[in-house]
Amino acid sequence: MPELPEVQTIVTTLHPQLRERLIQSTRMLRTDILQPPDVNLPALLQNRRIIEITRRGKKIVIRLDNLHQFFIHLGMTGRLTLESPAATEADLPRHTHLLINLDNGLQLRFHDPRRFGGVFWLGADGQADIAMGPEPLEMKTAELAEKLASTRRVIKSALLDQSLVAGLGNIYVDESLFQARIHPLTPANTLSRTQITALSRSIKQTLNRALKHKGSTLRDYRNSDGTSGDFQKLHRVYDRKGKPCPRCRTPIERIVIGGRSTHFCPNCQPSTIKSLAAATPPRRNRQ
DNA sequence: GTCCATGTTCTTTA
DNA sequence: CTAAAGAACATGGA
């Protein structure tokens, strides 16, 4: 759920509150959210000072004074919040998995009902960005072009692949493709130079607008202080099936691509492949 | 009961 | 062999 704008909002909020803080104690209420499963996280964090908290793709990376680091991934429903400690553990909200008590009397909490997220210990040598593509806000158009030329997958699926570009998810891919006027089923390696230039710009603009509004809250996402994002009000296609396109009033369509719901305007985002039907002819019986 | 969900990874198929 | 498509993961809300 949380994509780059949501994760960045959390990191931006948390950084000034976490930097220089001493970790006094750590409590794991569930151990199956930790990777690798055999590390003793409470022992590794005890009396360590947090140097900084940063973002890479959708990962929240925390670096300690001994140069060890770990990251938290929020998956679909994860929350990372800073609050006053509960009187007892029974008072904690259901699905709270990790508590980190700080020397300013506050408590960092990881909460995740579906548990698609988790805590990943990297230690001194682990790298947070193995198999991750460039940061979309920093990538050059040529970089995007090179990545897209290397795959025949449809553009919607390609942009969701974190090894291609890191940080985009279902919302911002749909919104970016709409702004660039690209049909989501277009094979990535058939995009024109002009389309790639437009896409590169659209991705950055979309993410920057979302950042200004502190992300999109559809259901689960909250900032670390519990507040919601605002950007869902400005979505042009995502979750707007049947509603009029803000540009041409044609009803927004919803289709499923790679198992993910995909929203687009059939008029503003025409398929450039003249006949998608002809490109994938009806299957004939073999032999 | 059904379907759907802001994500990733493992398995199967081509 | 590799790339791509599909299934699986776990919970809750409509």
Side-chain angles (χ1 to χ4, degrees), chain A residues 1-10 30 32-33 35-37 55-60 71-80 93-97 110-120 128-133 136 147-177 184-189 206-207 209-211 213-223 228-242 254-263 279-281 283-284 286-287:
Chain A
M1 33 148 312
E3 306 180 30
L4 187 153
E6 290 78 27
V7 176
Q8 183 62 56
T9 298
I10 291 169
R30 265 197 99 102
D32 63 356
I33 51 123
Q35 282 289 334
R55 179 193 59 75
R56 175 71 174 101
K58 299 172 191 171
K59 297 173 179 171
I60 298 168
F71 71 85
I72 293 168
H73 197 293
L74 298 176
M76 290 278 261
T77 56
R79 285 185 192 172
L80 192 61
R94 216 169 128 72
H95 307 301
T96 300
H97 307 315
F110 175 58
H111 173 272
D112 184 15
R114 283 171 80 176
R115 303 205 304 282
F116 287 178
V119 179
F120 301 78
D129 67 353
I130 312 171
M132 297 189 81
K147 297 280 190 183
L148 294 180
S150 73
T151 181
R152 305 168 63 163
R153 282 182 299 170
V154 300
I155 187 64
K156 163 78 184 210
S157 303
L159 291 176
L160 285 175
D161 181 345
Q162 302 298 295
S163 69
L164 231 130
V165 177
L168 297 175
N170 214 27
I171 295 176
Y172 299 107
V173 167
D174 281 7
E175 293 296 316
S176 298
L177 288 174
L185 285 173
T186 313
N189 63 352
T206 302
L207 293 176
R209 290 179 64 228
L211 279 165
H213 292 267
K214 302 189 185 297
S216 306
T217 294
L218 295 179
R219 181 206 214 78
D220 299 294
Y221 165 69
R222 292 292 183 286
N223 193 357
S228 297
D230 230 7
F231 191 65
Q232 67 282 0
K233 295 173 189 162
L234 300 181
H235 289 177
R236 293 162 169 168
V237 290
Y238 188 84
D239 205 21
R240 291 178 46 79
K241 176 187 174 183
R254 175 188 179 276
I255 59 176
V256 174
I257 301 176
R260 311 301 303 279
S261 71
T262 300
H263 311 77
T280 53
R283 199 167 283 253
R284 316 192 112 218
R286 296 233 170 190
Q287 82 126 258

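Bear in mind the structure is a predicted one, so any value in this text is a computation, not a measurement.
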Participant: So, do A/F116 and C/dC9 meet the stacking rule of ring centres under 5.5 Å and planes under 30°?
Facilitator: yes
Participant: Between the side chains of A/R153 and A/D161, is the shortest nitrogen-to-carboxylate-oxygen separation below 4.0 Å, so that they form an ion pair?
Facilitator: yes
Participant: Is the shortest side-chain N/O distance from A/R260 to OP1 or OP2 of B/dA5 below 4.0 Å?
Facilitator: no
Participant: For A/G169, report the nucleic acid contact type (base, sugar-phosphate, nothing); a contact means any heavy atom under 4.0 Å.
Facilitator: sugar-phosphate
Participant: For A/R254 and B/dC3, is the shortest distance between a side-chain N/O and OP1 or OP2 below 4.0 Å?
Facilitator: no
Participant: Check whether any side-chain N or O of A/Q162 sits under 4.0 Å from OP1 or OP2 of B/dG7, and answer yes or no.
Facilitator: no
Participant: Please classify the nucleic acid contact of A/P113 as base, sugar-phosphate, or nothing, using heavy-atom distances under 4.0 Å.
Facilitator: sugar-phosphate
Participant: For C/dA4, does OP1 or OP2 lie under 4.0 Å from any side-chain N or O of A/T151?
Facilitator: yes
Participant: Taking the side chain of A/R153 as its heavy atoms from C-beta onward, which of C/dA4, B/dT8, C/dG12 lies nearest to it?
Facilitator: C/dA4
Participant: What's the CG-C1' distance between A/L74 and C/dA10, to the nearest Å?
Facilitator: 16 Å
Participant: Is A/S261 near enough to B/dA5 that one of its side-chain N or O atoms lies under 4.0 angstrom from OP1 or OP2?
Facilitator: yes
Participant: I'd like to know whether A/Q232 forms a side chain to side chain contact (heavy atoms under 4.5 Å, CB included) with A/I171, so could you lay out the CA-CA distance, the side-chain angles of the two residues, the decisive distance to 0.1 Å, and finally the verdict.
Facilitator: CA-CA 9 Å; A/Q232 67 282 0; A/I171 295 176; over 6 Å; no
Participant: Can you tell me the distance, in whole Å, between the CG atom of A/L160 and the C1' atom of C/dA5?
Facilitator: 14 Å
Participant: Send over the distance from A/K241 NZ to B/dA5 P, rounded to a whole Å.
Facilitator: 10 Å
Participant: Taking atom P in both C/dG6 and B/dC4, what distance in whole Å separates the two?
Facilitator: 16 Å
Participant: Below 4.5 Å, heavy atoms only, C-beta onward: do A/R115 and A/H97 meet side chain to side chain?
Facilitator: yes
Participant: Using the C1' atom as the reference point in each nucleotide, state the distance between C/dG12 and B/dT9 in Å, no decimals.
Facilitator: 22 Å
Participant: Just how far is it from atom OG1 of A/T9 to atom CZ of A/F231, taken to the nearest 0.5 Å?
Facilitator: 11.5 Å
Participant: Who are the side-chain contact (heavy atoms from CB on, under 4.5 Å) partners of A/R254, not counting sequence neighbours?
Facilitator: A/K241, A/V256, A/S261, A/H263
Participant: With a cut-off of less than 4.0 Å, is there a side-chain N or O of A/H73 near OP1 or OP2 of B/dT8?
Facilitator: yes
Participant: Could you tell me the separation between the CZ atom of A/R115 and the C1' atom of C/dT11, rounded to a whole number of Å?
Facilitator: 8 Å
Participant: Using a 4.0 Å heavy-atom cut-off across all strands, classify A/Y238 as base, sugar-phosphate, or nothing.
Facilitator: sugar-phosphate
Participant: Take A/R152 and A/R219, find for each the nucleotide of DNA chain C with the closest heavy atom, and name the residue whose nucleotide sits nearer the 5' end.
Facilitator: A/R152
Participant: Do you know which two heavy atoms are closest between A/S216 and A/E6, and how far apart they sit?
Facilitator: N-OE2, 2.8 Å
Participant: Any side-chain N or O of A/H95 less than 4.0 Å from the OP1 or OP2 oxygen of C/dG12?
Facilitator: yes
Participant: How about NZ on A/K214, more than 12 heavy atoms from neighbouring residues, nucleotides or ligands closer than 6.0 Å, or not?
Facilitator: no
Participant: Under the 3.5 Å rule, do the base of B/dA5 and the side chain of A/R114 count as making a donor-acceptor pair?
Facilitator: yes
Participant: Taking Watson-Crick (N1-N3 plus N6-O4 or O6-N4) and G-U wobble (N1-O2, O6-N3), each under 3.5 Å, can you produce the dot-bracket string of DNA chain C? Use [ ] for crossing pairs and | for inter-strand ones.
Facilitator: .||||||||.||||
Participant: Tell me, do A/T217 and A/N223 make a side-chain contact under 4.5 Å, heavy atoms counted?
Facilitator: no
Participant: Whole angstrom is fine here: how far is it from OH in A/Y221 over to P in C/dG13?
Facilitator: 20 Å
